[in-house]
Structures are given as C-alpha cells and as structure tokens.
Amino acid sequence: MVKYISKRLLVSIPVIIGITILSFIIMKLSPGDPLANFINPSINMEDLEKSRQALGLNDPLHIQYVKWIGQVIRGNFGYTYSGNHSIGNLILERLPNTVILTLSAFILSFVVGIPLGVIGAVRKNTRIDYGITLMSLVGVAIPSFFFGLLVIYVFALLLGIFPSGGMENIRAGFTGFAYYMDILHHLVLPALVLSLGNIASVSRFTRSNMLDILKEDYIRTAKAKGLRNKAIIYRHALRNALIPVVTIFGLSIPFLFSGAYITESIFNWPGMGQLGIRAIQDREYGIIMALNLITATLVLAGNLVSDILYAIVDPRIRH
Amino acid sequence: MLIKKNSFYDYAYRRFRRNKLAVIGTFITLAFVLVALVAPVLAPYEPSEFFFIEGQNVYNKYASPSMEHLLGTDSLGRDVFSRLLYGARVTMLVALSAVIISTVIGTIIGLVSGYFGKFLDAFFMRIVDIVISFPVLFLLISISTIMDPSIWIVILAIGLVSWTSTARLVRGEVLRVKELDYIVAANACGSSSLKIIVKHILPNILAPIMVQVTIGTAQAILMEASLSFLGVGVQQPTPSWGNMLMDAQKLLVLRDMPWIWIPPGMVTLLLVLAIYFVGDGLRDAFDPKQ
Amino acid sequence: MNTILEVKDLSVQFRTEEGSFHAIEHVSFSVQEQKTLAIVGESGSGKSVTSLAIMQLIAENGNITGGEIFIDGQDILKLSRKQVQHSILGKKISMIFQEPMTALNPVIRIGEQITESILEHQQVSKQEARKIALDTLKQVGIPSPEQRMKQYPHQLSGGMRQRVMIAMGLVTKPKIMIADEPTTALDVTIEAQILNLLEELKRTYKTSILFVTHDLNIVADIADDVLVMYCGEVIEKGPVVDIFEHPRHPYTKGLLATMPSLDQDEKVLPTIKGSVPNISKRPQGCHFHPRCEHATDQCRTTKPQTYQVGLQTVQCFLYAPKKESSNA
Amino acid sequence: MHDTPLLVVENLNKHFLLHKALKQENAVYVKAVNNVSFSVKEGETLGIVGESGCGKSTLGRTLIKLLEPTSGTVFFEGKNISTYGKHELRILRERMQYIFQDPYSSMNPKMTIRDIVSEPLENFRKDMSSSEREERVAELLQLVGLSREAMTRYPHEFSGGQRQRIVIARGIALNPRLLICDESVSALDVSVQAQIINLLQELKQKLSLTYLFISHDLRVVKFISDRIMVLYLGEVMEIAPSSALFENPRHPYTQSLIGSISKGDPRSRAERHILEGEIPNPMNAPKGCPFSSRCPVVMERCHSEKPQLQSVGNDHVAACLRLTQTISQRTGDTV
C-alpha cells in the first residue's frame with residue numbers, strides 16, 4: 001500500500017505544477033499584469049519603477065512564473081487594486097467561514113445521502129424508492145441559486161423561521177453558547193442549499209451501487225447460508241457498496257466550492273465565494289486568480305486523501 | 001431510428017419506451033425545443049421591448065401579471081413572458097453547442113488515451129486531472145471575466161470546462177472494449193488502428209456516450225444559468241433564464257414580485273429534470289444487465 | 001434408507017422481454033441419505049435453475065409455478081420465507097458455487113464469512129464458533145488455518161477458495177449439500193483434489209450431495225445416481241453404472257459417444273446433429289426430436305411419458321411398452 | 001504431412017514486467033513464456049496443453065505477434081519473423097490466423113456476419129470487387145457448414161457452435177498456412193464441441209492447414225493432435241507424438257496430468273490419481289525445475305538445477321533431472 005500511496009503522490013506532482021501554470025496563464029491573459037499586483041499601490045512614483053525592476057516585469061515569461069511561484073509559496077498573492085489590502089490576508093480572513101459552510105454541507109451530504117440511497121435500493125420499486133429517486137433527481141436538476149432564493153422566500157420571508165442571510169446577528173451581540181447557536185441558526189439554510197445537489201448525487205450513487213452489489217454472487221452465497229436479511233444487507237452488501245462512495249468524497253469538494261460561490265453570495269455569507277463574486281464585480285483579477293489557485297490545490301489534496309482512503313477501506317488494494 | 005436494424009438498439013428502444021418517466025421527459029424536452037424554435041410566433045412582444053406607463057414617460061416597471069403582460073414586467077419594464085420564451089432559445093443554443101464541443105473534444109481525447117495508452121494516456125489524463133482540480137464555476141468565471149462576455153464565449157467556456165468527464169468515460173470504455181477478443185481478432189486479421197477505432201470501438205461505446213451527451217446537456221443548462229445569474233454569462237439585454245433571476249437578489253423583488261423570478265427558475269428546473277429523465281431512461285435501456 | 005431431498009413435479013417460469021418461458025418443467029427426483037445424485041446437462045438444460053429453485057435463489061423475474069420440494073420430510077414451499085431462511089437454508093441444506101472468486105465476499109475476512117453461518121444457526125459463543133471454523137478449515141485441507149481466517153478471499157488461490165466455500169457449506173453439518181459446477185473453473189489437477197475431498201467429506205459429515213455438472217467424466221467419478229436433463233426436462237435417470245453402460249435415451253447415448261476417449265483412437269468423433277434450442281424456441285413434442293435419429297411423427301407432436309426400463313426411467317417413445325414384446 | 005518445418009521457435013521468452021524498480025535486478029517479472037523451443041511441421045497438428053498460468057495462450061499470442069516477444073527467434077516458412085516490422089507483419093497476418101476461445105466475444109456485436117467474415121478480405125484483397133467478396137464470404141460460410149442467408153444477420157442470432165463456425169470462416173478467409181486455435185472448443189457444449197472438432201479436422205484435409213491447438217483439455221488435445229507439447233509455468237516439460245505421450249509419458253508432470261483425468265467410467269474410479277499441492281504463483285516460481293514444488297519424485301537438486309530438454313525416444317523429448325540421471329547411469333559416466 002505504501003507503494004500505491006507513493007505512486008499516487010508522484011502523479012500529483014505534475015498536476016500541481018500544471019495547476020500553477022494554468023493559473024499563471026489565465027492571469028497573464030487577464031487585463032493588467034499579474035506581477036503588478038505585488039506592487040503596493042500606495043508607494044510613490046520613483047519607487048514604482050524600482051519595484052517593477054525588482055519584480056522582473058520585463059523578464060521572460062518563465063522567469064516571471066518562477067518568481068510568481070516563489071511569492072505564492074510564501075503566501076503572498078499581492079495586493080488589491082482598490083485600497084492596498086493584501087490579497088492573502090483577505091482570503092485568510094474568509095477561509096474559516098467557507099470551511100464552516102462547506103464542511104457542514106459535506107457532512108450533511110453523506111449523513112443524509114447514504115441512508116437515502118440504501119433505503120431506495122433495499123425498497124426497490126416501492127413508493128418510498130420512487131419518492132427518493134424523484135427527490136434526488138429534482139435535487140440534481142434544480143439550479144442552486146433558484147433553490148436558494150426559494151428557500152429564503154419560504155423560510156425567511158414567508159415563515160420567518162430562519163434569517164435570510166449573513167453569518168451572525170451583530171446587533172444582538174451574542175456571546176458564548178448563544179453566539180454559536182446564532183451562527184448555527186444562520187448556517188441551516190445555506191448549508192441545506194449547498195448540500196442539496198450533493199445529497200442527491202450521493203444517494204443516487206449509493207442506490208445504484210447497492211443495486212449492483214445485491215446482484216453479486218456473494219450475496220447469493222449469503223442468502224444460501226440462510227443469513228437474515230439484515231445481515232445480508234448491512235454486513236455483506238453495504239460494506240461493498242460504501243467503498244466506492246469514498247471516491248465521491250474527493251469529487252464533492254470541487255462541487256461544494258463551486259456551490260459556495262453562489263450560496264455565499266445569495267446568503268451574504270462572508271466567505272471566499274462571496275469575496276470572489278465581489279471580485280468579479282470589481283474586476284479584481286488578483287483575488288479571482290488567488291482563489292482559483294487555492295481551491296484547486298485544496299481539491300487536489302482532497303482527491304489525494306480520498307484515493308488514499310479508498311486504498312485503506314478496500315482490502316483488495318490494501319494487501 | 002437512425003441506427004440500422006440491430007437488436008441492441010431495438011431492445012434499448014423497447015425498454016426506453018416502457019419507462020414512463022423517460023417518455024414523459026422526452027415529450028417535455030421536445031416541447032421545449034419546439035417552443036424555442038417558434039418563440040417569435042408565440043411571444044406577444046419583442047424580448048427587449050420597453051413598456052411605459054400609459055401617458056407618462058416612465059417605464060412600466062415591476063407590473064403585476066395581467067392580460068396585457070401574462071407574467072408581468074421586470075425591473076426595466078420588459079415583458080417577462082416574452083423574455084421567458086426567447087430565453088429558451090438562448091438556453092438551447094448555449095447548452096447544445098457547448099455539449100457538441102465537449103463531446104467532440106472528450107471523445108477524441110478519450111479514444112486516443114485509451115487506445116494508444118502509454119505516454120499519450122499519461123499526458124492527457126494529467127491534463128484532465130489539472131482541469132478537474134479547478135471547480136467548474138471558478139474556471140468558467142475566470143474565462144468569462146478575461147474575455148468580453150458574449151454568448152459565444154459562454155459556449156466556449158462551458159465546452160472547454162466540461163469535456164473532462166466525457167474523456168474519462170470514453171477512455172474507460174475503450175480500455176474495457178479494447179481487451180475484448182473481437183478487437184484482438186480485428187488486429188489479427190490485419191485491420192489498421194484507425195479502422196479498429198472507427199469500426200470496432202466507436203460503435204460499441206456509443207451508448208454510454210449518448211447517455212453522457214444527455215446528462216451533459218442538462219449540466220450545461222445549469223452552468224449557463226449559474227453564470228448568467230452571477231452576471232458573467234449571457235449579458236443583458238439578451239434574455240437568459242439565468243440572468244432573468246438576477247433581479248431576485250434584491251430583497252424587494254424576492255419578497256413581493258415572485259412573478260419575475262419563479263417562472264424562469266421553474267422552467268429551468270423542469271427542462272433539466274426532463275433531460276435527466278431521458279438520460280436515466282437511456283442509461284437503463286442500454287444497461288445489458290437488465 | 002431415508003430420503004433427504006425429494007423434488008416432485010417442479011416447474012419454474014421466467015418472464016422476459018419476449019414473454020414467459022418455462023426454464024424447467026415437471027422435474028422430479030430424490031436424493032437418499034449419504035448418496036450423491038448428479039444432474040448432468042448442457043447449457044439451457046435447466047440443471048442450475050433446478051438447484052437454485054431448491055435453494056429459493058432464482059432471479060427476480062422467475063418463480064416456481066408448481067411442484068413440491070421436501071427437505072428432510074418438510075415441504076419447504078409451504079414455509080414462509082423467514083422460516084426457510086431460519087431453519088432450512090444453511091442449516092439443513094447448503095450450496096457451493098462455480099466461481100469461488102465471486103461467490104466469496106471480497107471485503108470480509110474468511111474467518112468471519114465462515115463463523116457467521118455458525119452463529120446464525122447454532123447457539124454457540126463466538127469462541128466456539130471460531131473453533132468449529134478452524135476445525136472445518138483443517139478438515140477441508142487448508143494449511144495454517146489460523147492465518148487463513150484473517151485473510152481476504154483474493155489472497156487465496158482458486159483451489160483454496162473453493163475449499164473455503166466447501167468449509168462454509170459444511171460448517172453447520174447440513175443433511176445435503178448442492179454443488180453447482182464446483183470444479184469447472186479449476187485446473188485438472190485441482191479438480192481431482194476437490195472431487196476427492198468432496199468424496200471424503202461426504203463420508204465424514206454423512207451428507208448427501210446434489211452435484212450439478214456438464215461434465216460426464218466427473219459424473220462417472222462421483223455419482224451414485226444420475227439425472228440427465230435436456231431443455232428443462234428430466235429425460236433419463238438411474239444408477240450411474242446403468243446409465244454409463246446402457247444409456248437408453250438417444251440424447252444420453254449421443255452425449256456419451258461424443259466424449260473423446262483416452263483409450264481409443266477414433267478418426268471422426270460421433271456427434272449429435274444441430275444444437276441446443278433457445279429457451280424461447282423449444283420444439284413441440286419431444287424437445288429432442290429435431291436432433292434425434294429415431295424421431296417419428298409421434299415425437300414431433302406429443303411429449304413422451306416416462307417409462308421404466310430396469311432401474312432407469314426414460315422419457316422416450318422408444319421404450320413405450322408394446323403389446324407383443326417387453327423391453328428390458 | 002511433409003517433414004519441412006513450417007514454424008520453428010527457438011528460445012522464445014515473453015516476460016511481463018509487474019513492478020518497476022530503480023535497480024534492474026529488483027524488478028519483478030512474470031516469465032509467462034520461458035525459453036520455449038519447438039517446431040511444427042507442415043500439415044501437422046501440434047497440441048499445446050497445460051494448466052492455468054502455464055503460458056499457453058501467451059505463447060500463441062506471441063507467435064502471431066499480438067504480443068511482442070521479450071527475446072528469442074521465430075522462423076515461419078523459413079523466414080525470421082521475430083524482427084518483422086509493421087509492414088511485414090501485415091503479410092504475416094495473411095499466412096497465420098488465430099481462432100479464439102469465446103465465440104461470444106470474438107465477434108463485434110454491431111457488425112453483420114458478412115462484414116465480419118469479409119474484414120480480412122477488405123484488408124488484404126483490395127483488388128476484389130464487393131460482389132466478388134460477397135461470393136467468397138458465401139463460399140466460406142458454406143465451407144464451415146452455414147448457409148448464405150447467415151450473411152445479413154448479427155452474431156447474437158446464432159448459437160455458440162454456429163458462432164464458432166463463423167469465427168473459423170473468418171480465420172480461413174485468406175487461405176492461411178497456420179491456424180492457432182486457442183481453446184477454440186472449450187466454451188462449447190459437449191454435443192457441439194464434437195461437431196467443431198470434426199469441422200477443424202475436415203478443413204485441415206481440404207485446405208492442407210497446419211494447426212497449433214492450444215487447450216487445457218487433454219482428451220480433446222489427444223484426439224486432434226499429431227504431437228503434443230506439455231507446458232508448466234511457462235516452460236516446456238515434454239514434447240512427444242500423441243500416442244507416445246499418453247502411452248509412455250516420461251515427465252512426472254505429464255504422468256500426473258494424465259493420471260488426474262477421469263477415466264469416464266464409473267467402474268474404475270479408484271484409478272484417478274491425485275497430484276497434491278497447487279500451481280505456484282508465476283511471480284515466485286520455483287528456482288530449479290518449475291515442477292519441483294509438487295513433484296512426487298522430487299530430488300534435492302531439482303530445487304536448484306534447471307533441467308534441459310533431452311531426447312528420451314523417437315521424436316520424444318522431456319525436461320527432467322531424473323531422466324538425465326538414468327541416462328547418465330546407463331551410459332556409465334563415460335562423458
């Protein structure tokens with residue numbers, strides 16, 4: 001297995017390099033110069049030319065790339081055009097909020113999605129199954145922003161059960177336990193909206209996996225042994241069906257980050273997605289590119305982890 | 001059907017026809033296509049025609065549904081119903097063109113990767129790894145912010161971002177089919193690689209590609225809608241179901257004028273759902289296990 | 001001698017895209033205590049469906065349309081699904097399959113797969129179950145069973161996996177074990193080992209065996225009685241020596257003749273003309289008539305009854321009692 | 001039967017790399033075909049038998065160059081084909097054909113029988129008009145016992161035996177010299193198997209073909225072959241004329257193999273001989289004689305010394321150290 005993991009790690013090296021190159025190309029294509037971002041806009045004119053020299057804006061492309069990578073590795077993504085905010089700091093401030101949201105959605109997807117899939121498969125072709133199938137299809141088919149708006153309309157505006165946006169009630173000035181409950185209260189709707197598509201995919205995937213496995217020879221063996229249905233489903237079928245679900249762990253990360261863009265902007269959730277949307281409106285290319293690079297790296301790491309997890313849970317790879 | 005008499009497609013067609021959801025989905029999808037084609041006939045007004053409050057030089061903004069404006073008017077006093085009909089054209093155009101791009105790229109790369117293997121395979125699969133590491137929306141946004149947004153850029157962006165799943169699928173199918181005896185047999189009777197790919201491999205992996213095209217269309221519709229909603233997709237005044245929902249980000253519109261944002265949202269949901277029904281139906285119909 | 005398994009008039013129907021078909025029709029036979037009955041037939045003969053029907057394991061689109069199945073005197077078709085699961089399957093009757101690789105669960109350790117049967121059917125502790133499992137693994141000739149218990153199926157060779165399957169089938173000391181082509185996926189030398197093992201275990205565990213196979217050579221080696229099936233019907237049955245030395249049905253005769261022999265030098269193999277008909281296109285009358293040299297008009301229209309010839313039963317008009325002479 | 005060899009194989013190796021390693025000596029190889037040498041005379045049938053992992057299929061595929069040999073030379077019709085490039089390989093395809101085991105997977109399900117059988121003709125008989133090709137296909141189908149009507153139908157409309165006939169028709173379309181039959185009757189029902197074996201025999205006479213018949217089934221191999229080669233873990237154990245091999249097998253493995261097949265007679269059950277142990281994993285095959293881990297008459301040196309093929313009778317060779325011993329004892333250590 002050490003071999004498998006090291007091989008997997010080796011394969012990610014060209015990928016991470018590719019990610020940075022692609023990011024760099026996109027940046028070079030965008031208006032303005034990426035390296036110009038590194039110049040603190042508040043400095044005066046004489047220093048500007050010095051900075052340009054120091055940053056090597058006149059260097060050949062590959063040198064520029066290496067210098068840019070050097071900055072990025074140190075966490076320096078440059079400054080925003082408007083004001084002289086460090087992009088790295090801006091993102092860092094927002095990262096925890098996005099992590100709270102995506103992690104909740106991530107957990108919700110599997111905690112809800114897997115049981116739905118299992119029930120659908122076990123009760124195949126019953127009303128419950130049709131209901132779950134239809135619901136998951138709607139879940140995959142509904143535009144997330146539309147679902148978000150609907151949820152706000154119904155639960156926040158019509159019923160008033162949940163807040164329509166934001167992460168905390170600043171005016172109330174909660175502290176301690178109440179503060180966390182307040183965040184949780186704000187979290188419910190965005191987490192639901194963000195996870196819906198993923199819940200649907202996970203349950204569809206689990207169901208079809210489960211159905212395939214219930215047709216396997218070893219399930220027939222288990223039946224021939226006179227095991228009770230519970231043992232057949234949970235001990236023999238589910239263990240096999242859940243192994244490939246691990247791969248969805250990795251796949252759902254980019255999905256959730258994409259979703260966070262929309263969800264955060266609809267719910268005014270102060271995360272990276274919302275930052276990104278503002279950046280689009282303000283044409284802050286530096287922020288967009290930094291977000292791109294960071295999320296791509298996170299996704300790569302997520303895929304790596306889920307592949308390794310796969311090797312751990314599947315004895316056929318483990319040995 | 002366009003395929004000559006061959007039991008595989010015959011069986012698949014019969015199975016598909018027995019699947020109620022799939023048939024309903026097909027009809028809904030066809031109805032949408034029809035509406036898109038004849039939108040100019042059905043629409044009472046031009047999509048970007050502004051209406052004024054009678055006798056005044058003021059836009060008739062946010063008018064409630066009436067006989068005159070079936071679904072009311074939007075923030076600029078345009079007829080929502082007409083925009084909805086024309087929006088169908090934009091949606092179809094974008095989704096279908098993008099899917100053609102992604103299917104062509106994905107199929108070629110998948111075939112080459114799977115059939116020739118070795119360096120080409122490693123090379124293309126790393127590219128796929130790189131592309132899928134970027135969340136789709138991020139890449140789309142990057143592409144459409146760099147270029148001046150236009151429908152063609154949106155099509156190109158969606159096409160360039162979504163070929164990866166087709167490529168992976170085709171590659172996997174090629175790897176599976178390649179090992180079958182009839183490919184080895186074709187090799188043994190001296191057929192060239194091109195002939196083997198075109199005559200032996202492609203016809204036998206067409207079914208999953210067709211499913212992927214269907215699902216891909218649905219996903220392209222969702223991507224276009226999201227982009228347009230975020231303001232980096234199809235631009236005003238061209239109507240798109242996504243950009244018609246932009247107004248709903250204003251609390252006032254969201255709370256008090258559901259006629260502006262619910263219809264475009266619902267039609268998107270309905271069309272995507274219908275296409276998914278078709279896709280699932282095709283998948284089940286093609287599945288030899290059933 | 002006690003009858004352990006008795007099947008009477010069993011019919012199984014499958015619904016498919018093209019309509020409904022009988023996979024087996026009016027199949028009857030019985031297996032005596034500590035005896036081996038071999039069901040032999042080609043593809044589509046219904047031999048596997050018969051064994052799966054006894055185990056109540058036929059696919060979703062198939063169902064038993066008639067007949068009775070007595071296991072240890074109990075008609076299991078009259079029992080509820082739960083009762084069969086609880087008191088028959090794995091307890092009185094067990095089954096081993098053709099592909100030991102796919103028949104074992106890939107993600108569960110060998111030990112757990114064996115002990116779960118014991119824990120399901122016997123009131124014993126986990127430690128005791130473990131001990132029984134270890135003993136059984138030793139019995140089926142698996143070296144260092146303690147280590148094997150901790151392994152997964154893919155870590156074993158094909159022969160070892162089939163031994164594990166056999167151990168799993170015997171661990172609850174059933175009255176009868178069904179073996180469905182258990183050696184078809186194995187090499188010749190391993191096949192010989194497994195057949196030998198089955199013979200040995202049959203004696204130590206005092207079980208009966210219902211052996212399903214397409215290979216007449218194996219039948220010659222292990223069976224006490226033989227059941228020949230063709231197109232879902234039993235066309236001949238009887239003691240193994242009688243069947244091999246005096247096959248009655250033209251199909252049985254043909255089948256025995258087409259086996260290339262090790263001792264003789266033939267130039268051309270005798271054949272049965274034509275091929276096994278598809279389940280949806282089974283001929284009228286006797287299913288075998290298009291391939292039969294003795295076919296008469298009667299065979300083309302009417303299904304022959306079964307006739308007793310010595311210790312054998314044959315479904316063929318050739319053996320219909322004639323007024324003047326009797327056929328022995 | 002002529003005495004000129006059609007195919008001569010010398011020290012053929014096909015090794016598959018399993019794990020790469022930084023140091024060449026640490027890399028793990030599976031030696032699927034290991035130093036195999038033999039020849040096939042024009043017009044004869046050479047049977048190749050062995051259990052799983054013995055390399056018989058790999059050997060067949062390496063000979064027709066569907067797999068690239070690791071080393072060794074192959075002479076076909078007197079020419080060294082192991083160095084053939086792409087262009088020459090095409091000519092080889094015309095002279096040497098391959099019949100697969102599974103008639104279900106060896107035909108493209110989306111093609112008609114006409115297209116399937118005429119594929120080799122399209123590739124090599126470019127001068128043929130389509131109507132000429134169609135005539136040829138009809139002729140070929142007739143030769144294998146099928147009617148002309150089969151042409152417009154698809155593979156799934158045929159039974160296993162009929163499919164194998166079609167595959168054979170495709171195989172003989174170009175009038176090849178050598179047919180490699182890889183388990184070509186193993187997937188068929190017993191009653192159909194005999195028909196196909198007879199067909200192969202008949203075609204051999206009519207078209208003066210040479211066969212390489214690969215099978216795990218000793219009965220079938222005995223019936224069809226003039227000579228038989230026994231493989232174990234990629235190495236040749238014994239090569240002998242069919243009758244000699246069965247009447248007087250010299251290698252302990254051949255003896256065990258023949259002994260372990262059933263007599264097909266319920267009255268002589270006890271005669272079935274049991275060979276203990278299992279076929280070792282080809283990844284860690286025994287160092288000396290590959291059969292040493294299971295051999296009932298194994299000696300100390302068998303574990304370290306690799307036996308060479310040596311003559312043990314007329315046209316009869318075997319690779320066993322016991323045989324070397326008896327021969328050297330007989331010759332009285334004069335060497």
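First the proteins, then the strands, lettered A, B, ... as listed; each starts at 1.
Evaluation of the side chain to side chain donor-acceptor pair (under 3.5 Å) rule for C:E112 yields A:R239 as partners, not counting sequence neighbours.
Interface summary for chain A: among C:L57, C:I96, C:L52, the most heavy-atom pairs under 4.5 angstrom belong to C:L57. Across A:N240, A:N229, A:I219, A:I213, the residue that shares the most heavy-atom pairs under 4.5 angstrom with chain C is A:N240. When each of C:V171, C:I108, C:L104 is checked for heavy-atom pairs under 4.5 Å with chain A, C:I108 comes out on top.
With values rounded to the nearest 0.5 angstrom, A:T221 atom OG1 is found 4.5 Å from C:F97 atom CZ. From A:K215, atom NZ reaches atom CD of C:E60 across 8.0 Å, with rounding to the nearest 0.5 Å. Going from atom NZ of A:K225 over to atom CD of C:Q113 covers 5.5 Å, rounded to the nearest 0.5 Å.
Between C:P106 and A:P315, the shortest heavy-atom distance links the atoms O-CG, 3.7 Å.
Listed by first and then second residue, the side chain to side chain donor-acceptor pair (under 3.5 Å) pairs that reach into residues 109-121 of chain A are A:S109-A:N198, sequence neighbours excluded.
Residues of residues 73-94 of chain C lying within less than 4.5 angstrom of chain A, judged on heavy atoms, are C:Q85, C:L89, C:G90, C:I93 in numerical order. Residue-level contacts of residues 116-127 of chain C with chain A, in order of numbering, are C:E116, C:S117, C:E120, C:H121; threshold 4.5 Å between heavy atoms.
Of the possible polar contacts, one joining the C:N105 side chain to the A:H236 backbone as a donor-acceptor pair under 3.5 Å is found.
Only the side chain of A:I243 comes within less than 4.5 Å of a heavy atom in chain C; its backbone stays farther off. Heavy-atom distances place no part of C:M101 under 4.5 Å from chain A, backbone and side chain included.
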